[in-house]
A.B. asks: 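One structure, as structure tokens, below. Some questions next.
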Amino acid sequence: MNSKIKDDVTDKLFEAILTLENVEECYAFFEDICTVNEIKSLAQRLEVAKMLQQKKTYQDIQQITHASTATISRVNRCLSYGSDGYKLILDRVGKK
């Protein structure tokens, strides 16, 4: 994988995340490692990605998520030209 963020320390972080077994453990870990605003921003971006996949308009997305147009545009760019991480997660979550 050719990633801008890939290094040994980041590998260890992602390996740690993969050991989490349920939503409660995720809350405990992420509340310790991130600020509330960082967690909310990540959740917001995922919701924006879902809505973009559903072909919602920027205006609708902004009204529902309160995301800025810059955030919506960035997520849209990732969906179109990124590493397909959003698509992977949304496909998996959609199957549940």
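In what follows, residues are counted from 1 in the order of the sequence shown.
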A.B. asks: Check which hydrophobic residues are tied to Leu88 through side-chain heavy-atom contacts below 4.5 Å, counting indirect links as well, and list them.
C.D. replies: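 Result for Leu88 is none, singleton.
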
A.B. asks: Would the distance check show the side chain of Thr65 and the main-chain N or O of Ala67 forming a donor-acceptor pair, the cut-off being under 3.5 Å?
C.D. replies: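 Answer holds: yes.
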
A.B. asks: Ile72 and Val48: which non-hydrogen atoms are nearest, and at how many Å?
C.D. replies: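 The pair with the smallest heavy-atom distance is CA-CG1, 3.9 Å.
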
A.B. asks: CD1/Ile61 to CD/Gln54 distance, rounded to the nearest 0.5 angstrom?
C.D. replies: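 The distance works out to 9.0 Å.
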
A.B. asks: Not counting sequence neighbours, which residues clear side chain to side chain donor-acceptor pair (under 3.5 Å) with Asp84? List them please.
C.D. replies: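 Side chain to side chain donor-acceptor pair (under 3.5 Å) list for Asp84, sorted by chain: empty.
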
A.B. asks: Surrounding CD of Gln59 (heavy atoms of other residues, nucleotides or ligands, distance under 6.0 Å), is the total greater than 12?
C.D. replies: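 No.
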
A.B. asks: Please name all residues satisfying salt bridge (charged side-chain N to carboxylate O under 4.0 Å, His left out) with Lys40, sequence neighbours left out, ordered by chain then number.
C.D. replies: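 Salt bridge (charged side-chain N to carboxylate O under 4.0 Å, His left out) check on Lys40 returns nothing, list empty.
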
A.B. asks: Sequence neighbours excluded, which residues qualify as side-chain contact (heavy atoms from CB on, under 4.5 Å) partners of Thr69?
C.D. replies: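 Checked Thr69 against side-chain contact (heavy atoms from CB on, under 4.5 Å); matches are Gln62.
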
A.B. asks: For the atom pair CD (Gln44) and NE2 (His66), what is the distance rounded to the nearest 0.5 Å?
C.D. replies: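 It comes to 9.0 Å.
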
A.B. asks: Applying salt bridge (charged side-chain N to carboxylate O under 4.0 Å, His left out), name anything that partners Glu47, two or more places apart in sequence or on another chain.
C.D. replies: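 Applying salt bridge (charged side-chain N to carboxylate O under 4.0 Å, His left out) to Glu47 gives Lys50.
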
A.B. asks: List in chain and number order the residues that pass side-chain contact (heavy atoms from CB on, under 4.5 Å) with Asp7, two or more places apart in sequence or in another chain; answer none if no residue qualifies.
C.D. replies: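 Testing Asp7 for side-chain contact (heavy atoms from CB on, under 4.5 Å), a comparison that skips the adjacent residues, returns Val9, Thr10.
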
A.B. asks: Kindly indicate whether the side chain of Tyr86, heavy atoms from C-beta on, has any atom under 4.5 Å from the side chain of Gln53.
C.D. replies: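 Counting from C-beta outward, Tyr86 and Gln53 never come under 4.5 Å.
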
A.B. asks: If only atom types and distance count, is the side chain of Lys6 paired as donor or acceptor with the main-chain N or O of Asp11 below 3.5 Å?
C.D. replies: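 Checking the backbone N and O of Asp11 against the side chain of Lys6, no donor-acceptor pair under 3.5 Å is found.
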
A.B. asks: Excluding sequence neighbours, so at least two apart, what forms salt bridge (charged side-chain N to carboxylate O under 4.0 Å, His left out) with Asp60?
C.D. replies: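 Checked Asp60 against salt bridge (charged side-chain N to carboxylate O under 4.0 Å, His left out); zero matches.
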
A.B. asks: Thr71: which residues meet the side chain to side chain donor-acceptor pair (under 3.5 Å) condition with it, sequence neighbours left out?
C.D. replies: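 For Thr71, the residues satisfying side chain to side chain donor-acceptor pair (under 3.5 Å) (neighbours in sequence not counted) are Ser68.
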
A.B. asks: Should side-chain heavy atoms under 4.5 Å link Ile, Leu, Val, Met, Phe, Trp and Tyr, which residues sit in the same cluster as Phe29?
C.D. replies: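 Phe29 clusters with Ile5, Leu13, Phe14, Ile17, Leu20, Phe30, Ile33, Ile39.
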
A.B. asks: Could you list all the side chain to side chain donor-acceptor pair (under 3.5 Å) pairs where at least one residue sits in residues 14-32, not counting sequence neighbours?
C.D. replies: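 The answer is none; no pair qualifies.
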
A.B. asks: Among residues at least two apart in sequence or on other chains, which ones pass salt bridge (charged side-chain N to carboxylate O under 4.0 Å, His left out) with Asp91?
C.D. replies: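 Partners of Asp91 under the salt bridge (charged side-chain N to carboxylate O under 4.0 Å, His left out) test: none.
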
A.B. asks: Go through the structure and list residues passing side-chain contact (heavy atoms from CB on, under 4.5 Å) with Ile89, not counting sequence neighbours.
C.D. replies: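 side-chain contact (heavy atoms from CB on, under 4.5 Å) list for Ile89, sorted by chain: Leu46, Val93.
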
